[in-house]
Q: 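Structure provided below as structure tokens; questions to follow.
As the structure lists them, so they are numbered: ligands from 1, and atoms in each ligand from 1. Being a predicted model, the structure only gives us computed values, none of them experimental.
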Amino acid sequence: MDLNKWPRQTDIKDHDIFDDAHFMSEAPGVIYEKKAVTDPGGNPVQGLYTAWITLNNPAQYNSYTTKMVKGVIAGFHRASMDRSVVAVVFTGAGDRAFCTGGNTKEYAEYYSGNPSEYALYMDLFNGMVDGILMCKKPVICRVNGMRVAGGQEIGMACDISLASDLAVFGQAGPRHGSAPVGGSTDFIHWYLGMERAMWNCISCELWSAYKMAHLGLISKVVPVLKKDGEFMRNPQVITDQFVDGGQIVYGEFVQGQAAAEARKLVKECSVDFSLLDAAVNEVVWTLTNLFPHCLMMSVDGVRAKKKFFWDQSKLASRHWLAANMMSEAYLGFNAFNNKKLTGKDQIDFIRYRQLLSEARPFDQELVDAVMAPRRE
Ligand SMILES: CC(C)(COP(=O)(O)OP(=O)(O)OC[C@H]1O[C@@H](n2cnc3c(N)ncnc32)[C@H](O)[C@@H]1OP(=O)(O)O)[C@@H](O)C(=O)NCCC(=O)NCCSC(=O)C1=CCCCC1=O
């Protein structure tokens, strides 16, 4: 094929839409960085990169503010359009959390009681999940800690997850006034099967990284705690036994006195993510040594199953979530956000159900009856 037979433009076009305004090093914000792909010997490969998109809001467990959602959209678009990027690494700052979802302070203080504004926010949120699912590079979720609520949703939108063994996974919405319909209810059954998906979504239990690796939610879990210079598996989780009394105990949390001792031990350790980063590099190196277009066709073929349900439900969910800001989200997020003022981070669920069973309308009297009062 002689491409020079007819006139051709020779400039290289830039397909990125967003400028750097959406990225920043100050928290809360999103950091976008390119890091050289390295071979197994640790040598940088010239001209090939991973794009690191980091949720940087560690004081609030890397919950995403509205501004940060825009940063994630911009980051995934930039990485998608950058020819030199092999894969995206999506992670959080610090060692506590990958992300615990939407920023509950914004939810309580701005969006609750304002459904029209939350509808606009949800358009951005949906754009963030679409941005991950549409990214034309494989997306690795580097789970550096808790992946909870909306954090679990954007994490499951990723293609491969590799986790620190301090990470826990689960939902928070039904406890704090929302429903995990920002992706979780569309994705999670593919990973866990319907029965476990249901319980994980509704119970708000947080499950360990070892349990989730065993159940198939994530590809790999690595130790990050170091004591006296040696890596040690998270002592808060059972990893040295599979069955006890006929029950699978691998990946469950240790209980009672053992849990207290484990917590004490963790405090004596330092955290070192070098094994997690090595695991990320190993996946990136495998991806680098594949045909890029055949790779992306394969990725999109698998993603299509997640997208199928997400695309069916995302618009209806946007409308429901907006309306919900007038009722249960108002209660739940204000309860969580004002926990230091009231001493309680949840509403009185029993009283709320009792009032609903009496067909009481959602008015100030009901709100005051179920929310803990301000402490003197
Ligand atoms: C279970 C928790 C994630 C962790 O609990 P714990 O380990 O006890 O830590 P905390 O003391 O609660 O948290 C430490 C500090 O971080 C702040 N924090 C944590 N999460 C958030 C958040 N999401 N937004 C803002 N700030 C957060 C917390 O207030 C503490 O601050 P402090 O000043 O007191 O030190 C627990 O933290 C928890 O349940 N968090 C809330 C999770 C949540 O409800 N997320 C939002 C869910 S809804 C959502 O994400 C949605 C996404 C799109 C679709 C619709 C939707 O609802």
Side-chain angles (χ1 to χ4, degrees), residues 27-28 55-69 72-73 92-112 115 117-130 132 143 145-157 166-188 201-208 236 253 263 266 310 313-325 327-347:
L55 298 165
N56 182 24
N57 184 13
Q60 294 177 313
Y61 279 17
N62 294 323
S63 56
Y64 42 79
T65 60
T66 308
K67 183 177 74 174
M68 288 169 68
V69 175
V72 175
I73 295 170
D95 58 17
R96 299 306 305 271
F98 163 67
C99 177
T100 59
N103 187 275
T104 50
K105 189 170 169 63
E106 275 189 355
Y107 280 17
E109 296 179 9
Y110 185 74
Y111 290 116
S112 78
E117 285 298 287
Y118 196 64
L120 298 178
Y121 167 91
M122 275 311 299
D123 287 334
L124 288 178
F125 176 87
N126 285 356
M128 170 163 71
V129 175
D130 285 338
I132 301 168
V143 192
M146 285 187 185
R147 197 170 92 174
V148 175
Q152 168 78 322
E153 308 194 291
I154 55 177
M156 281 192 291
L166 293 179
V168 292
F169 298 78
Q171 296 303 147
R175 180 170 292 149
H176 294 311
S178 190
V181 292
S184 282
T185 52
D186 305 308
F187 307 148
I188 196 167
C201 268
I202 62 180
S203 67
C204 298
E205 285 177 7
L206 300 180
W207 294 358
S208 79
Q236 299 168 110
F253 293 104
R263 272 197 300 278
V266 169
W310 165 245
S313 61
K314 65 186 178 193
L315 287 178
S317 296
R318 175 252 198 213
H319 298 306
W320 180 84
L321 287 162
N324 183 53
M325 275 292 168
S327 55
E328 294 190 344
Y330 180 89
L331 296 176
F333 290 124
N334 279 293
F336 185 75
N337 188 51
N338 293 305
K339 57 188 182 298
K340 285 182 183 153
L341 298 178
T342 64
K344 275 195 177 306
D345 66 357
Q346 296 168 30
I347 66 152

Q: Side chains of Ser313 and Val181, heavy atoms from C-beta outward: is any pair under 4.5 Å?
A: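 When only atoms from C-beta onward are counted, Val181 and Ser313 do not touch, as no gap falls below 4.5 Å.
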Q: Using heavy-atom distances only, which candidate in Ser63, Pro58, Gly170, Gly150 approaches atom 22 (C) of ligand 1 most closely?
A: Ser63
Q: Can you name the atoms of ligand 1, numbered from 1 with element, that are less than 4.0 Å from a heavy atom of Leu321?
A: 54 (C), 55 (C)
Q: Given Tyr61, Tyr107, Tyr111, identify the one with the heavy atom nearest to atom 10 (P) of ligand 1.
A: Tyr61
Q: Say whether Thr66 and Tyr110, considering side chains only, have a donor N or O and an acceptor N or O under 3.5 Å apart.
A: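 Distance-only check fails for Thr66 and Tyr110.
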Q: Has Asn57 got a side-chain atom pairing as donor or acceptor with Ser63's backbone, closer than 3.5 angstrom?
A: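 The answer is yes, because a donor-acceptor pair under 3.5 Å joins these two groups.
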Q: Glu153 side chain to Gly182 main-chain N or O, any donor-acceptor pair under 3.5 Å?
A: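 Indeed, once roles are kept as given, a pair shorter than 3.5 Å links the two residues.
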Q: How close does the nearest protein non-hydrogen atom get to atom 7 (O) of ligand 1, and which residue and atom is it?
A: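 The closest heavy atom on the protein side is Met146 CE, 3.4 Å.
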Q: Taking all heavy atoms of Tyr61 and all of Ala97, pick out the closest pair and write down the distance.
A: O-CB, 3.4 Å
Q: Which heavy atom of Ala149 sits nearest a heavy atom of Thr100, and at what distance?
A: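 The answer is CB-O, 3.7 Å.
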Q: Would you mind finding which of Lys314, Gln171, His176, Gln152 brings a heavy atom closest to atom 39 (O) of ligand 1?
A: His176
Q: Tell me, which protein residue and heavy-atom name are nearest atom 52 (C) of ligand 1, and how many Å apart are they?
A: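 Among all protein heavy atoms, the one nearest atom 52 (C) of ligand 1 is Tyr64 OH, 3.2 Å.
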Q: May I ask whether Gly151 places a heavy atom under 4.0 Å from ligand 1?
A: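 So Gly151 does not count as touching ligand 1.
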Q: By number and element, which atoms of ligand 1 are closer than 4.0 Å to a non-hydrogen atom of Glu153?
A: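 Near Glu153, the atoms of ligand 1 are 52 (C), 53 (C), 54 (C).
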Q: Would you say the rings of Tyr121 and Tyr118 are close, in the sense that their centroids are separated by under 6.0 Å?
A: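 Aromatic pair counts; centres sit under 6.0 Å.
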Q: What residue and atom, counting heavy atoms only, is the protein's closest point to atom 1 (C) of ligand 1, and at what distance?
A: Leu206 CD1, 4.1 Å
Q: Given side-chain contact (heavy atoms from CB on, under 4.5 Å), test Val129 with Lys314 step by step and report yes or no.
A: CA-CA 10 Å; Val129 175; Lys314 65 186 178 193; over 6 Å; no
Q: Would you say Lys339 touches ligand 1, if touching means a heavy atom closer than 4.0 Å?
A: yes
Q: Does the residue Arg96 have a heavy-atom contact with ligand 1, meaning some pair of atoms that are separated by less than 4.0 Å?
A: no
Q: After noting the C-alpha distance and the side-chain angles of Ile154 and Cys99, does the key distance pass the side-chain contact (heavy atoms from CB on, under 4.5 Å) rule?
A: CA-CA 9 Å; Ile154 55 177; Cys99 177; 4.1 Å; yes
Q: Answer yes or no for Tyr121: is there a heavy-atom contact with ligand 1 below 4.0 Å?
A: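 Under 4.0 Å: no for Tyr121.
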Q: Would you say the side chains of Trp310 and Asp130 form a donor-acceptor pair under 3.5 Å?
A: yes
Q: Taking both backbone and side-chain atoms of Ser178, is any N or O found less than 3.5 Å from an N or O belonging to ligand 1?
A: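 Right, the criterion is met.
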Q: Which residue and non-hydrogen atom of the protein lie closest to atom 21 (C) of ligand 1, and at what distance in Å?
A: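 Checked against all protein heavy atoms, atom 21 (C) of ligand 1 sits closest to Thr100 OG1, 3.4 Å.
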Q: Among all the protein's non-hydrogen atoms, which is closest to atom 55 (C) of ligand 1, and how far away is it?
A: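 Ranking protein heavy atoms by distance from atom 55 (C) of ligand 1, first comes Tyr118 OH, 3.5 Å.
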Q: Can you list the atoms of ligand 1 that are under 4.0 Å from a heavy atom of Gly101?
A: 50 (O)
Q: Side chain of Thr104, backbone of Tyr107: donor and acceptor closer than 3.5 Å?
A: no
Q: Return the closest protein heavy atom for atom 33 (O) of ligand 1 as residue, atom name and distance.
A: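 Checked against all protein heavy atoms, atom 33 (O) of ligand 1 sits closest to Lys340 NZ, 2.8 Å.
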Q: Does any N/O atom on Thr104 come nearer than 3.5 Å to any N/O atom on ligand 1?
A: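 The answer is yes, given that Thr104 and ligand 1 share an N or O pair closer than 3.5 Å.
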Q: Determine whether a donor-acceptor pair (N or O, by modelled atom type, separation under 3.5 Å) exists between the side chain of Asn324 and the backbone of Gly177.
A: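 The answer is yes, because a donor-acceptor pair under 3.5 Å joins these two groups.
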Q: Report, in ascending order of atom number, the atoms of ligand 1 lying under 4.0 Å from any heavy atom of Ala149.
A: 45 (N), 47 (C), 50 (O)
Q: For atom 50 (O) of ligand 1, state which one of Pro180, Gly102, Gly332 supplies the nearest heavy atom.
A: Gly102
Q: Step by step, work out the side-chain contact (heavy atoms from CB on, under 4.5 Å) result for Arg147 and Met156.
A: CA-CA 10 Å; Arg147 197 170 92 174; Met156 281 192 291; 3.6 Å; yes
Q: Nearest heavy atom to atom 48 (S) of ligand 1 wins, so pick from Phe125, Trp320, Phe333, Phe336.
A: Phe333
Q: I'd like to know if the side chain of Asn103 and the backbone of Glu106 have a donor-acceptor N/O pair within less than 3.5 Å.
A: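 The answer is yes, because a donor-acceptor pair under 3.5 Å joins these two groups.
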Q: Please work out whether any backbone atom (N, CA, C, O) or any side-chain heavy atom from C-beta onward of Ala59 is under 4.0 Å from ligand 1, and answer side chain, backbone, both or neither.
A: backbone
Q: Considering only protein heavy atoms, which is closest to atom 27 (C) of ligand 1, and at what distance to one decimal place?
A: Gln60 O, 3.7 Å
